[in-house]
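Hydrogens, waters and symmetry mates play no part in the numbers below; they use all other heavy atoms, side chains included. The chains referred to below are lettered A, B, ... by the order of the sequence lines, with proteins before strands, and numbering in each begins at 1.
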Amino acid sequence: MPALDRDDIAHLARLSRLQLTDSELDQYGGQLDVILSAVARVAEVAADDVPPTTHAVPVVNVARPDVIVPCLAREDVLAGAPAAEDDRFRVPRILDQEEQ
Amino acid sequence: MSDLTLLGAAETAAVIASGEVSARDVASAHLDRIEQTDAAVHAFLHVDRDFTLAQAGAVDQARSDGAALGALAGVPLALKDVFTMKGAPTTCGSKILEGWRPPYDSTVVERLKAGGIVVLGKTNMDEFAMGSSTENSAYGVTRNPWNLDRIPGGSSGGSSAAVAARQAPLAIGTDTGGSIRQPAAVTGIVGVKPTYGGVSRYGLVAFSSSLDQGGPLARSVLDAALLHEVIAGHDPRDATSIEAPVPPVVAAARGELGGVAGMKVGIVAQLQGEGYQPGVQARFAEVVELLTALGAEVVEVSCPSFDYALPAYYLIAPSECSSNLARFDGMRYGLRAGDDGENGVEQVMAITRAAGFGPEVKRRIMLGTYALSAGYYDAYYGQAQKVRTLIRRDFESAYAKVDVLLSPTTPTVAFPIGERADDPIAMYKADLATLPSSLYGGPAMSLPAGLGDDDLPVGVQLMAAVQRDEQVYRVGAVLEATLQQRWGGSLLDRVPELATGGAA
């Protein structure tokens, strides 16, 4: 198993949308290496012809009756939002400066 | 009436139904007990006296109006802070949801309300249910009422501590890899993970969707069964909810399905011996002897794939967690950090998540992100799912031969707070015996078996086939009755009296 270097951890943190400090990158890097080498043991099991289990109790194509039911009230939902404006969630700009 | 906090749930329901006391009196006694003891234990994150007394008052009113009430009407309960409930915050033990008030009730809460059960408050937990000690809460540790320097288990540690400390006769927890059973074991109470899909996950904030399952914590097998029956059953709002009748858990707990004579009990070879403390092994051996004396046929069964349950679990659960927790992006609920007008949305998300999540959650998100990434998926997540199939096959072939499986619940008694905080692998080993049935999906109960090392509680685990939840209650009730006869009462009678002071 390849050991994770600093760039790998920084890449993982970016994919995970976590802005980590340099000391956090070092700390998690070491720990993730230890955990990954422990869980990599699953590879020892010969399971080429074994199908995967995705759910404990298999269920397929669960559908509900096609009936309209009321949704949550807008004011109740927006009451829990970090920022709201004009009856909507207010979000930071979604495009980079150069894309605008 | 003597101290109402000494009564179990069934007894409490009986004294309320008889008119001897009101639901309000009972709620009040437990609120007082919380006020007196929670500075020491810290089981609760949120208690609102008026909110609780209003629920109790409504039950009393319904009774005087002659309404038909549930078997647990008026009985107080501690709710793990991972279930949404209108009128109270839901934090999941995380800063990222600090102060969030959900706009809807979870199905579990709807059913508790319909049953007239009175919610005392929200209990502490490892952040997003990731942990085995409740030390991963952003709101401080919960302490074990048996010894305040020890962990109460996790992730449902606030719920287990509340029941053991007589703050509540009942609690709701959730179990993904052992988070109901392990806390029950280390606090000397009963905890049940129902069959996956038995209790609705609607309004249960998701950690690992293919494993998460809500269930009861209580002071007796019957109390757990009564609560199980209230919260279980099909829910169209949870697509993985089982559309079938709830197994007859209450009848089983009352002995109506018979005792253990003639039943076949399997001892799992892979879940004993090395790594299990001497006191744990001794109590386990006594339970095996007891079952034999009661007429059960005890045989050893081998489940070789169980040796790979821990690595498979720590790939599957973090993978699902990394996907589920993507919803905490600081846009629609909870914390938002770094929104200074300059930062774009991606930066705000990354700053918010770094500020809002604790170390264990960050570790698991990154671990899951890695396991799911291109090039590693087959070796990690894909292979773990195949191991899951092998574990299921081990269970299926075992249940072709025996009715229930038996093991210790945890390898050790409650460990000291802080002992494993910086060693994730040591922490993960607390769930060694509980992980297999989580991956399989079958029901499992932890039941007090006596005291082990350092005079702390030891639990034994009973496991059964999918949708055969009644089997663990049937065997559990017989074991409990026999053990309590031997002890001269409940194990919880031996919890040291807690210093009672004002709330912190």
Side-chain angles (χ1 to χ4, degrees), chain A residues 1 4 8-9 11-21 24 27-29 31-32 34-36 38-45 47-59 62-65 72-73 75-83 89-97 99, chain B residues 100-104 195-197 210-211 236 239-240 242 305 308 310-312 314-315 322 326 329-336 339 343-351 353-354 357 362-363 365-367 369-370 373 379-380 382-390 392 424-425 439-441 466:
Chain A
M1 215 45 65
L4 295 174
D8 295 331
I9 300 293
H11 179 61
L12 267 184
R14 261 195 311 279
L15 290 175
S16 306
R17 301 288 184 277
L18 291 168
Q19 183 171 300
L20 300 185
T21 62
E24 281 180 305
Q27 183 199 340
Y28 293 125
Q31 291 171 339
L32 287 176
V34 172
I35 298 170
L36 277 172
V39 298
R41 282 185 56 230
V42 293
E44 294 168 10
V45 180
D48 284 347
D49 53 348
V50 175
T53 292
T54 55
H55 252 76
V57 180
V59 282
V62 177
R64 61 167 174 78
L72 295 167
E75 55 271 28
D76 290 350
V77 172
L78 291 176
F89 295 110
R90 188 187 68 71
V91 301
R93 63 181 172 77
I94 58 167
L95 297 176
D96 284 333
Q97 302 290 7
E99 292 175 86
Chain B
W100 180 60
R101 287 180 173 256
Y104 68 106
T195 293
Y196 176 85
S210 79
L211 300 164
T240 58
I242 294 173
S305 299
Y308 294 93
L310 190 132
Y314 280 98
L315 285 165
S322 72
D329 56 9
M331 298 299 123
R332 293 155 295 162
Y333 29 69
L335 180 74
R336 180 184 294 179
D339 187 10
N343 288 324
V345 71
E346 297 242 354
Q347 279 164 298
V348 170
M349 286 179 185
I351 295 168
R353 288 161 63 81
F357 290 140
K362 289 177 184 168
R363 264 196 295 275
I365 289 174
M366 287 194 286
L367 180 61
T369 302
Y370 182 80
S373 53
Y380 288 113
Q383 181 73 4
Q385 288 185 313
K386 291 178 171 185
V387 170
R388 193 171 180 181
T389 304
L390 296 175
R392 194 189 55 190
I425 295 286
L439 291 165
Y440 160 61
V466 162

Sort A/R41 into side chain, backbone, both or neither according to what part of it lies under 4.5 angstrom from a heavy atom of chain B. both
So B/E346 and A/P92, do their side chains get closer than 4.5 Å, heavy atoms only? no
What part of A/R14 gets within 4.5 angstrom of chain B, counting heavy atoms only: side chain, backbone, both, or neither? neither
Taking all non-hydrogen atoms of both residues, which atom of B/I425 and which atom of A/I35 are closest, and how far apart? CD1-CA, 4.1 Å
Without swapping roles, check the side chain of B/R101 against the backbone of A/A79 for a donor-acceptor pair under 3.5 Å. no
Could you grab the distance from atom CG of A/L36 to atom OH of B/Y370, nearest 0.5 Å is fine? 5.5 Å
Could you give the distance from NZ (B/K362) to CG (A/L18), rounded to the nearest 0.5 Å? 6.5 Å
Quick one: of B/G197, B/G441, B/P236, B/A239, who has the most non-hydrogen atom pairs under 4.5 Å with chain A? B/A239
Non-hydrogen atoms of chain B under 4.5 Å away: do they reach the side chain of A/L72, the backbone, both or neither? side chain
More than 12 heavy atoms of other groups within 6.0 Å of A/H11 NE2: no
Between B/N343 and chain A, which part of the residue has a heavy atom less than 4.5 Å away: side chain, backbone, both or neither? backbone
To the closest 0.5 Å, what do you measure between CZ (B/R353) and OG (A/S16)? 7.0 Å
Is it the backbone or the side chain of B/Y440 that comes under 4.5 Å from a heavy atom of chain A, or both, or neither? backbone
Contact origin within A/V62 toward chain B - heavy atom pairs under 4.5 Å: side chain
Between B/R336 and A/P82, is there a donor-acceptor pair closer than 3.5 Å when you use the side chain of the first and the backbone of the second? no
Least distance between heavy atoms, B/R388 atom then A/T53 atom: CD-O, 3.6 Å
For the side chain of B/T369 and the backbone of A/L12, is there at least one donor-acceptor N/O pair under 3.5 Å apart? no
Taking the side chain from B/Q383 and the backbone from A/V42, do they hold a donor-acceptor pair closer than 3.5 Å? yes
Picking from B/L439, B/V466, B/I351, B/T195, which has the most non-hydrogen pairs under 4.5 angstrom with chain A? B/I351
Can you find a pair of side-chain heavy atoms, one from B/M366 and one from A/L20, that are under 4.5 Å apart? yes
Residue B/I365 versus chain A: region with a heavy atom under 4.5 Å: both
Turns out that what part of B/S322 lies under 4.5 Å from chain A's heavy atoms comes down to neither
From OG1 (B/T240) to NE2 (A/H55), nearest 0.5 Å: 5.0 Å
Does any heavy atom of chain B fall under 4.5 Å from the side chain of A/L32, the backbone, both, or neither of them? side chain
Side-chain heavy atoms of A/D76 within contact of B/Y104, under 4.5 Å: no
If we only count heavy atoms from C-beta on, is the A/F89 to B/R332 side-chain gap below 4.5 Å? yes
Counting heavy-atom pairs under 4.5 Å with chain A, the top scorer among B/G334, B/A384, B/G382 is B/G334
What option among A/T54, A/V77, A/L15 has the most heavy-atom pairs under 4.5 Å with chain B? A/T54
Specify which of B/Y333, B/Y308, B/W100 makes the most heavy-atom pairs with chain A at under 4.5 Å. B/Y308
